[in-house]
There are 4 protein chains.
Amino acid sequence: MGITERKAREKELRRNAIIDAAEKIFFSREMDTATMDDIAEAAELSKGTLYLYFKSKEDLYLAITRRGLDILIDMFSKAVKKKKYGIQKIYAIGLAYYSFSRKHPDYFNAMTYFLAHSQEFNENTPTAMECALAGDRPLIIVRDSLIKGIEDGTIRSDINPSETAIILMGQSNGLIQILSKNLEHFKNMHPQFNLKSAENIIDHAFNLIHRSLEPST
Amino acid sequence: MGITERKAREKELRRNAIIDAAEKIFFSREMDTATMDDIAEAAELSKGTLYLYFKSKEDLYLAITRRGLDILIDMFSKAVKKKKYGIQKIYAIGLAYYSFSRKHPDYFNAMTYFLAHSQEFNENTPTAMECALAGDRPLIIVRDSLIKGIEDGTIRSDINPSETAIILMGQSNGLIQILSKNLEHFKNMHPQFNLKSAENIIDHAFNLIHRSLEPST
Amino acid sequence: MGITERKAREKELRRNAIIDAAEKIFFSREMDTATMDDIAEAAELSKGTLYLYFKSKEDLYLAITRRGLDILIDMFSKAVKKKKYGIQKIYAIGLAYYSFSRKHPDYFNAMTYFLAHSQEFNENTPTAMECALAGDRPLIIVRDSLIKGIEDGTIRSDINPSETAIILMGQSNGLIQILSKNLEHFKNMHPQFNLKSAENIIDHAFNLIHRSLEPST
Amino acid sequence: MGITERKAREKELRRNAIIDAAEKIFFSREMDTATMDDIAEAAELSKGTLYLYFKSKEDLYLAITRRGLDILIDMFSKAVKKKKYGIQKIYAIGLAYYSFSRKHPDYFNAMTYFLAHSQEFNENTPTAMECALAGDRPLIIVRDSLIKGIEDGTIRSDINPSETAIILMGQSNGLIQILSKNLEHFKNMHPQFNLKSAENIIDHAFNLIHRSLEPST
DNA sequence: GATGAATGAGATTTCATTCAT
DNA sequence: TATGAATGAAATCTCATTCAT
């Protein structure tokens, strides 16, 4: 057994080493200018070996996405645990999401890319399915927090938690995207808008969301 | 003079015919699996001619994006004009945006793609600049409507119209994206969520947004 | 008649204007990166018009070569006229050739290109034939000078003037080429060679040639 | 280890096979009308494979030039070894050069092309550098022979061996060029010149050179 | 398990030349 | 005479994937 286990462990290690190398490459250029050659070189492995561990370039990209999702799920989980009331959890999740997008912009992009193209990923590899499953977890955490908030009275009871979870996730995603990609452009082109930092705007957004979720007095 | 004018008109017509053909191709596959060969064939023109009218494949893609932006701007403008009060305008814009994404999903995708990658578009063609300019128009319309709403008392006065405009645009974009790409997946994977139609969720989102913008009583 | 003549004159003028423009382009880049588009733009004429005056790009290039040849022939003629004795004429021609290569390096290159590829120029245009004819003139001038030298006793009588003319022309051409293209390289790579300026080397070559032509005492 | 060596040997073989095929193509047309498609077909290999062995078309061309240089250097070396005295060595080198140009006219052209365009070759491939290095060898052999001749008294001591080596190489190159490209033309156009064979003219040239190098009596 | 040579189907772009007006 | 839109054949180079060893 020891041998089998060691082999499995080594295989897993190598797999991770490949993903490490692939990240370096994928994250240093545009997704589609990265080549398997580059990745193989970065991994100090032959190209053929890459295909021993991953069915395709796409599959390898999904493994990276998977990593990002795991990190995000972990951050969401921790955020939720720290807070008692539902509305606080929602707020903490929001902060965690923004924090994630700043600490791991490349993972954020990979995830966004996956979200926007998941239908087109034809692979039926384990990685693809894991991604699909993991992709739902953040949503579920949000939904659970909303339910908790309704129960503890910190969130209006007339919202639909499932739908609202989708709404919040979609909105957050879109907001982070626009801020990371276009805020500088807006600042340059419309100085009269007197735009502040992304943090400022995120804060403003939280205020609005909070107001829309709080129970009416 | 008639001749010059006719020539110019014909040139514009052909340019549009090429964009038509390109749309057929771009919209029937992924952006980056579409080839200039395909487009030339669809346009019943030689590949060389394509490059007579567009500097590059990218430039041609931008021309399509430009069309989408023009349509969106038109829809926003009309939506705004129909309503009197600021909050109504905002609501109408939201509806228009969703309507646009349903009527012209491909244009919506092209625009989203442009938003997310505008930094990487290196071309300095007229089309690229027009796109950058046109891309700001919707945001400005939203901002103006917010200002109007603050003035006419239908929107809380403690929001920052510029920041809120960005927030609303980003959020709307993200929400539409997630709904169009992932709602079916959610429905299939989580029947217990009891998810309704996209329209339903959009409606729910409007409620939330409305609540966050209305003046506190 | 006046009209016909004026037309012919104008046509010639335009032809020359085109050659002017073509020179600017050809001489500012490598021969084969120059495009007819560039030339047309430089000539402020349409591409079609170029083909009204020149059968092909090649033909246009030959017209430039022709100009260079005319200049060279003129310089050779003047050099020859200035001197009395054959050996002096030969020396003056040599100086003139080197001077030409420095004053008109682009023409020199064009001519060299023509010399090396004349067999491949398939065009049967007037320009091509004129080039072929003009290309022989320098050789004839050298040969005549050699004959003169033999007659006036300044050049050994046991040389064959025709063959020697070819030899001198070929050698001079080759020497100028190597000096203009590779002298710097040699200087850099072999500082121990202690190479002087091109002029110095040319001077050295003249000495050698002079010695090989002078009558034995 | 046998395996590694065999692999290396096979790789070298294939590399050479590609150069063989490329020569067939390059030498049967002009350098710049040869296409990688043609070469791939001649090599019975895919185009992609060509680029596995050579960075670019230019690089492949340089590999051919390299071959020619190696042959020439070999011929020069042998010519020099056979003779005792410096002036004899120079003469033998001259004969070898002419012999090379007749036996390997295509290599001669390739080398001439390289000499005339070496500055424009931007590649920094090993092949390019090897070519640059190898290109200097013949010159050095000539120079060494001149020095030897000065030492052994068969060549005038008042010449500068480095400069004279350049002169002789440049002149020889130019003479061979003009003879191979234009002699027939001269014969046809000027029968009164009574031109003999290229060999005859080469012989004449040797006489002249010999006279210019021999010590004055 | 690992290799890396080979593939081959394209991809984008260029440009000399023609021809209807 | 002049135009300039259209052509279309090519040209170079890329890269995910496979497979014999």
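Numbers restart at 1 for each chain; the letters A, B, ... are given by sequence-line order, proteins then strands. Given the structure is predicted, the values throughout are model-derived calculations rather than measurements.
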- Query: Salt bridge or not for D/Arg67 and D/Glu23, using N-O below 4.0 Å?
  - Reply: yes
- Message: Heavy atoms only, 4.0 Å cut-off, all strands: where does C/Leu45 land among base, sugar-phosphate and nothing?
- Response: sugar-phosphate
- Report the distance from atom CD1 of A/Ile3 to atom P of E/dG1, rounded to the nearest whole Å. 16 Å
- Runs of at least three Watson-Crick or G-U pairs with DNA chain F, cut-off 3.5 Å: E:2-21 with F:2-21
- Task: Provide, to the nearest angstrom, the distance between the CD atom belonging to D/Glu58 and the P atom belonging to F/dA11.
- Result: 17 Å
- Message: Just to be sure I understand the rule, does A/Phe54 reach a base, reach only the sugar-phosphate, or reach nothing, if contact means heavy atoms closer than 4.0 Å?
- Response: nothing
- Item | Over 12 non-hydrogen atoms of neighbours within 6.0 angstrom of CD in D/Glu44 | no
- Message: On the nucleotide E/dA11, are OP1 or OP2 found under 4.0 Å from the side-chain N or O atoms that B/Lys57 carries?
- Response: no
- Would you mind telling me which of F/dT17, E/dA5, E/dT7 lies closest to the side-chain atoms of A/Ser56? F/dT17
- Note on the structure: Here the gap from D/Asp20 atom CG to D/Ile25 atom CD1, rounded to the nearest 0.5 Å, amounts to 12.0 Å
- Check the distance between F/dA16's P and A/Asp59's CG and give it to me in whole angstrom. 14 Å
- Query: What is the distance from CG of B/Asp37 to P of F/dT7, rounded to the nearest Å?
  - Reply: 14 Å
- Message: Pick the closest DNA chain E nucleotide for D/Ser46 and for A/Glu44 by heavy atoms, then say which residue is nearer the 5' end.
- Response: A/Glu44
- Note on the structure: Closest to the 5' end of DNA chain E, once C/Ala34 and D/Gly48 are matched to their nearest nucleotides, is D/Gly48
- Write down the distance between CG (C/Asp38) and C1' (E/dC15), rounded to a whole number of angstrom. 10 Å
- Task: Would you kindly give the NZ-to-C1' distance between D/Lys55 and F/dC13, to the nearest whole Å?
- Result: 12 Å
- Query: Which part of the nucleic acid, if any, lies within reach of A/Arg14 when heavy atoms closer than 4.0 Å are counted: base, sugar-phosphate only, or nothing?
  - Reply: sugar-phosphate
- Side chain A/Lys47 and base F/dT17 donor-acceptor under 3.5 Å: yes
- Would you classify D/Ala40 as touching base, sugar-phosphate or nothing, given that sugar-phosphate means primed atoms plus P, OP1 and OP2, and contacts are heavy atoms under 4.0 Å? nothing
- Message: Just N and O in the side chain of C/Tyr53: are any of them under 4.0 Å from OP1 or OP2 of F/dA2?
- Response: yes
- Per A/Thr49 side chain, nearest of listed nucleotides E/dT13, F/dT1, E/dA2: E/dA2
- Which whole-number value in Å describes the distance from A/Leu60 CG to F/dT17 P? 10 Å
- Given F/dT3, E/dT3, E/dT14, the nucleotide with the shortest approach to the side chain of B/Tyr51: E/dT14
- Message: Regarding B/Asp38 and B/Thr35, do their side chains bring together a donor and an acceptor under 3.5 Å, going by distance alone?
- Response: yes
- Output yes when B/Arg66 and B/Asp70 qualify as a salt bridge under the 4.0 Å nitrogen-oxygen rule, no when they do not. yes
- Query: Roughly how far, to the nearest 0.5 Å, is the NZ atom of B/Lys47 from the CG atom of B/Leu45?
  - Reply: 13.0 Å
- Distance in Å, C/Lys24 NZ paired with C/Ile39 CD1, rounded so as to fall on 0.5 Å steps: 12.0 Å
- Message: From C-beta outward on C/Thr35, which listed nucleotide comes closest to its side chain: E/dA16, E/dT12, E/dA2?
- Response: E/dA16
- Note on the structure: A/Met36 has its side chain closest, among E/dA6, F/dC13, F/dA16, to F/dA16
- Query: Would you call A/Glu10 and A/Arg14 a salt bridge, using N to O less than 4.0 angstrom?
  - Reply: no
- Query: How long is the line joining NZ of D/Lys11 and P of E/dA6, in whole Å?
  - Reply: 8 Å
